[in-house]
Asks: 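Dropping a structure here in structure tokens format, bear with me for questions.
Every chain is numbered from 1 and lettered A, B, ... according to where its sequence line falls, protein lines coming before strand lines.
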Amino acid sequence: MGSIRALRGTRDILPDEAAYWQWVEGEARQQFARSAYREIRTPIFEETGLFARGIGEATDVVGKEMYSFTDRGDRSITLRPENTAGVVRAYIENKLAGQGGVQRLWYTGPMFRYERPQGGRQRQFHQLGAEVLGSKDPRADAEVIAIAQDLLKSIGLTNLTMDLNSVGDKADRAAYREALVAYLTPYKDELDADSQDRLTRNPLRILDSKNERTQEIVVDAPNLQDHLSPESKAFFDQVRQALTDLDISYQLNPRLVRGLDYYTHTAFEIQSSDLGAQATVCGGGRYDGLIEQLGGPATPAVGWAMGMERLMILLKELREAPVAEMDFYVVSRGDAAQAQALKIAQSLRRQGFGAELDLSGSAFGKQFKRADRSGAVACIILGDSEAENHSLQLKWLKSGQQEERQQDSFLQSADALRQQIDQARST
RNA sequence: GCGAGCGUGGCCAAGUGGUUAAGGCAGUGGAUUGUGAUUCCACCAUUCGCGGGUUCAAGUCCCGUCGUUCGCCCCA
């Protein structure tokens, strides 16, 4: 009755799960650092027009999935549904092109789409993404794909496959679109309802339809590859060769058409067979026209985004949650001892040790139980007699060995303690 | 936005119209105001997502609503 709950399609990431997130983010950070990608953080909301112009008015994302509202200054604002548009806006606005050369960027953070929630699909979800701006070299496509592949591999995911396609440049697509509509129009009445609608709005997406009859019709449709210019074809061949050189396997999927309008040339999707309907773990491609379209200098670019929640679903099947390491668990009982325990715990922390202080004041037996479960290497025990002598009991939890130490000298023996802890942990 | 399934304590879960809603895990207190296991005892849902209805009687049936899961759609 009346209790406030998280909104539909949103959820809390509790500490046990956050451990997974931090681990994945750490792996990503390392990969990106090694590859000279630098992190960029852009606002979570932007002017609505950025997404309408960038992603495309005809797309479902813009047409029916955006969280848009009018703010108190009467501006139309939208919670970002993806981050490529925002990164490009920042690139233009901050004149990153003026820094010369290629900008390699990565980001992570929440995105928002008003969709029906399902496993692996939420209204607030999180993406990890990479963008390379300023290179039309096919090696940029290969590099960015290789980083995605290596990251997925380093976090241990298996059963992944990659689909690859080229959607050509603007002119290629326009020509192909015309040919496709010409082919499909006579079949219009046989297409499923969604595809009929898309025939005028976004015909390339019909290729993706899961409807059986539509699929039968599409089998004999003109092939996108046949409508690529010689230059587009040559570029795609170079990307494919580069991937082969890197031992990255993929399958050509001439029907892979991504749902955001800005893609040109390379398009790819990495899917897992362990995810059900929301199988795409990573998707991306080249977007050579977007920066100019948003008012910047004509600049070629490639990038991708991964769905963090989908990674987590897979990861939880594969491994236990990473456990934080703790050095000391501090147990105490009695007023004087409890006061000293607080000071000792904080003093240890100031020297760089991990120390968890038991605040319960309950029987020693209970506190030891918690010490055992905390995963700490050693336990520090303070009772009435220790408080009186300014001493403490140091107990190594694995071996059960216990020794009495003077508090002052104990706190001044950091180097020796560090060694003892490392040794105890490794046995 | 469309179609279908599900909803009992922090977690797992029995219960299919009849008096007080099993059990397990976890938790808290104690047996044992100073030592981790095991054991034992006690406590831990005026209530079965929420609201309404049918009935002498509803966790069990009906309607609505919210949430969730699966598929479509879309995408990461």
Asks: At under 4.0 Å between heavy atoms, what does A:Gly383 touch on the DNA or RNA strands: base, sugar-phosphate, or nothing?
Replies: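 Contact class for A:Gly383: base.
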Asks: Give A:Gly334 one of three labels, base, sugar-phosphate or nothing, depending on what nucleic acid heavy atoms sit under 4.0 Å from its own.
Replies: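 Answer is nothing: A:Gly334 stays at 4.0 Å or more from every strand.
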Asks: Give a yes or no on whether A:Tyr187 atom OH has more than 12 heavy-atom contacts from other residues, nucleotides or ligands under 6.0 Å away.
Replies: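 12 or below, so no.
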Asks: Under 4.0 Å between any heavy atoms, over every strand shown, what does A:Ala363 touch: base, sugar-phosphate, or nothing? Just pick one.
Replies: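 Nothing, no heavy atom under 4.0 Å.
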Asks: When we call it a touch if two heavy atoms are under 4.0 Å apart, what does A:Thr59 touch: a base, just sugar-phosphate, or nothing?
Replies: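 No contact.
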Asks: Give A:Leu128 one of three labels, base, sugar-phosphate or nothing, depending on what nucleic acid heavy atoms sit under 4.0 Å from its own.
Replies: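 Nothing, no heavy atom under 4.0 Å.
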Asks: Determine the Euclidean distance between corresponding P atoms of B:G52 and B:G18; express it in Å to zero decimal places.
Replies: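 Approximately 23 Å lies between the P atom of B:G18 and that of B:G52.
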Asks: Regarding A:Gly120, tell me which of base, sugar-phosphate or nothing describes its non-hydrogen contacts under 4.0 Å with the strands shown.
Replies: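 Base, at least one base heavy atom under 4.0 Å.
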Asks: What does A:Gly63 touch in the nucleic acid at a heavy-atom separation under 4.0 angstrom: a base, only the sugar-phosphate, or nothing?
Replies: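 No contact at all - A:Gly63 keeps every heavy atom at 4.0 Å or more from the nucleic acid.
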Asks: Identify all pairs in which a protein N or O lies below 3.5 Å from an N or O of nucleotides 2-9 of chain B, and state each distance.
Replies:
residue	atom	partner	partner atom	Å
B:C2	N4	A:Arg116	NH1	2.8

Asks: Any side-chain N or O of A:Gln118 under 4.0 Å from OP1/OP2 of B:U68?
Replies: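 The answer is no; no side-chain N or O of A:Gln118 sits under 4.0 Å from OP1 or OP2.
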Asks: Is A:Arg205 touching bases, backbone alone, or none of the nucleic acid, heavy atoms closer than 4.0 Å?
Replies: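 It contacts sugar-phosphate atoms only.
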Asks: Identify whether any heavy atom of A:Glu386 sits under 4.0 Å from a base atom; if not, whether one sits that close to sugar-phosphate; answer base, sugar-phosphate or nothing.
Replies: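 Result for A:Glu386 = base.
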Asks: Using a heavy-atom cut-off of under 4.0 Å over every strand shown, decide if A:Leu260 touches base, sugar-phosphate, or nothing.
Replies: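 Touches sugar-phosphate only.
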Asks: Within the structure shown, what part of the strands sits under 4.0 Å from A:Glu82 by heavy-atom distance: base, sugar-phosphate, or nothing?
Replies: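 Answer is nothing: A:Glu82 stays at 4.0 Å or more from every strand.
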Asks: Could you tell me whether A:Lys170 and A:Asp288 make a salt bridge, using a distance below 4.0 angstrom between a side-chain N and a carboxylate O?
Replies: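 A salt bridge is absent here (no side-chain N lies under 4.0 Å from a carboxylate O).
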Asks: Starting at the 5' end of RNA chain B, which residue's closest nucleotide do you reach first, A:Ser399 or A:Tyr114?
Replies: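 Here A:Tyr114 is the residue nearer the 5' end.
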Asks: Give the dot-bracket string for RNA chain B, reading 5' to 3', where a pair is Watson-Crick or G-U wobble with both distances under 3.5 Å, ( ) marks pairs inside the strand, [ ] marks pairs crossing earlier ones, | marks a partner on another strand, and . marks unpaired.
Replies: ((((((((.[[[..)..(....]]].(((((.......))))).....[[[[[..)....]]]]])))))))....
